[in-house]
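Below is one structure, written out as structure tokens; the observations come after it.
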Protein chains: 2
Amino acid sequence: MNTEEKIFNAARTVFQKKGFAGARMQEIADEAGINKAMLHYCFKNKQLLFEAVFMNAFSQLAPQINAIFNSNETVFEKITQFTHSYISFVILNPFLPPFVIQEMNNNPEFVKSFFKNKNTPNPSQLIDQIKKEIDQGIIKPIDPQQLLLDIFAMTVFPFAAHMLVKGILHINDIEFNKMMEERKTIIAEQIINSIKK
Amino acid sequence: MNTEEKIFNAARTVFQKKGFAGARMQEIADEAGINKAMLHYCFKNKQLLFEAVFMNAFSQLAPQINAIFNSNETVFEKITQFTHSYISFVILNPFLPPFVIQEMNNNPEFVKSFFKNKNTPNPSQLIDQIKKEIDQGIIKPIDPQQLLLDIFAMTVFPFAAHMLVKGILHINDIEFNKMMEERKTIIAEQIINSIKK
DNA sequence: TTTTGGTTTAACCATTTGGTTAACAAAGGT
DNA sequence: ACCTTTGTTAACCAAATGGTTAAACCAAAA
């Protein structure tokens with residue numbers, strides 16, 4: 001692993017744990033086991049290092065999501081695939097959703113340019129498909145955007161609000177992970193059940 | 001409005017916008033229109049000022065939630081009441097959910113002591129009620145905790161991930177708020193529909 | 001072997017930041 | 001009037017923080 005990779009991985013760890021404002025360049029350097037000056041040698045400054053990490057985090061999710069959204073499957077099948085593969089992925093990267101959500105809320109300007117320029121999840125094709133299946137009488141008449149929001153909410157929220165959920169439900173990490181494993185199949189059934197005619 | 005209130009309101013504004021790490025004491029003082037030394041005179045230090053704001057934010061939500069969770073209504077009625085009144089409240093306080101979730105994720109130790117000592121949302125009674133209604137054949141057999149999580153997710157997520165949602169669905173603030181208004185009634189129907197026998 | 005180019009580091013710097021101090025003013029009680 | 005308490009401020013301070021620099025290091029080219 002070369003120095004740039006070491007820095008990047010360290011930065012990802014620290015940024016995801018502390019957020020942009022809470023992260024310290026020195027801490028990233030220590031985590032990477034290199035001199036702080038190397039951070040600036042490789043990534044110019046904190047903002048650019050952060051953006052590199054953020055873009056990477058987001059770009060891990062986007063293609064995976066779009067691949068499912070834009071496939072040739074039915075809506076029901078897409079819901080099943082999305083929930084299952086998203087949760088599987090996020091169980092392995094639990095810091096990703098809170099990180100992305102937090103930083104998007106904290107940097108509205110950055111977000112705007114981000115969604116204009118970058119490869120982001122795009123559900124427009126899936127929305128059209130939902131409308132079509134509603135017309136065909138497969139799905140109950142609902143607002144496709146609300147359905148999309150429901151799917152994201154059921155899938156992402158437990159990870160985004162990790163600590164809150166554990167606190168309110170009085171469960172520990174092990175129980176939490178068990179719940180998430182079950183959620184892989186439960187959610188899709190639940191959603192499909194509520195919209196199929 | 002006395003000085004302490006001025007400081008508190010300013011602190012709430014700044015903390016909710018920037019988070020604990022991103023907030024600056026000077027900025028809070030400016031927002032309050034008073035000298036920075038007054039912050040320390042009234043609230044000792046940043047951590048305590050933050051905790052005052054956080055506790056207050058949380059304590060606005062908790063009683064409202066518990067009142068619904070622990071009433072004598074049916075589960076279906078509670079779901080309807082909760083989603084409606086929570087969304088109504090949060091439309092008026094849109095910074096609350098991201099703030100609470102973010103800071104809980106960033107301060108795990110603080111959260112632990114927090115949930116031990118303070119008046120927090122407690123769904124244990126509602127969970128028992130759900131089990132009972134499952135036994136009575138009113139509700140399909142499901143894990144009550146998962147149902148709870150679903151309700152929170154559908155309700156809280158759009159606000160917690162405000163910016164992300166707007167970005168992915170390509171909607172502006174006005175459309176977002178319209179969606180949330182509709183959600184007040186949609187969600188409960190959706191959830192009830194998926195669990196009623 | 002020497003040179004050269006990128007790589008890495010210790011030391012340093014300017015600014016920011018949370019927090020303190022000491023003086024001052026206003027109010028209240030005696 | 002006089003003292004005490006409370007509220008308020010400008011000036012200050014030490015530590016932390018993002019960023020810079022100049023020198024050292026080192027492998028490969030000449």
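Each chain gets a letter, A, B and so on, in the order the sequences are listed, and its residues count up from 1. Source: prediction; values computed, not measured.
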Taking atom CG of A/L92 as the centre, does the number of heavy atoms from other residues, nucleotides or ligands within less than 6.0 Å exceed 12?
yes
Phosphate OP1/OP2 of D/dG18: any A/R24 side-chain N/O under 4.0 Å:
yes
Between A/H40 (NE2) and D/dG19 (P), how many Å, whole number?
4 Å
Within the structure shown, what part of the strands sits under 4.0 Å from A/I34 by heavy-atom distance: base, sugar-phosphate, or nothing?
sugar-phosphate
Rounded to the nearest angstrom, tell me the gap between atom CD in B/Q26 and atom P in C/dT16.
12 Å
Closer to the 5' end of DNA chain D via nearest nucleotide, is it B/C42 or A/N45?
B/C42
Aromatic A/F95 / basic A/K17 pairing, under 6.0 angstrom, 45° off normal
no
Nucleotide-resolved protein contact map, nucleotides 10-15 of chain D, B/S/- at heavy-atom distance under 4.0 Å
B-----
N or O in side chain of A/T3 less than 4.0 angstrom from C/dT7 OP1/OP2
no
Under a 3.5 Å distance rule, please check whether B/N56 uses its side chain to pair with a backbone N or O of B/A52 as donor and acceptor.
no
Roughly how many Å is it from CZ in A/F50 to P in D/dG18, rounded to a whole number?
14 Å
Scan B/A23 against the nucleic acid and name what it touches under 4.0 Å (heavy atoms): base, sugar-phosphate only, or nothing.
sugar-phosphate
How many whole angstroms separate atom CG of A/N2 from atom C1' of C/dT8?
14 Å
Would you say the rings of A/F54 and A/F20 are close, in the sense that their centroids are separated by under 6.0 Å?
no
Within this structure, what is the CE-to-P distance between A/M38 and D/dT21, rounded to whole angstrom?
17 Å
How long is the line joining NZ of B/K6 and C1' of D/dT8, in whole Å?
11 Å
Expressed as a whole number of angstroms, how long is the span from B/L48:CG to C/dG18:P?
14 Å
Expressed as a whole number of angstroms, how long is the span from B/Y41:OH to C/dA25:C1'?
12 Å
For the aromatic rings, using the six-membered ring if either is Trp, is the centroid distance between A/F15 and A/F50 under 6.0 Å?
yes
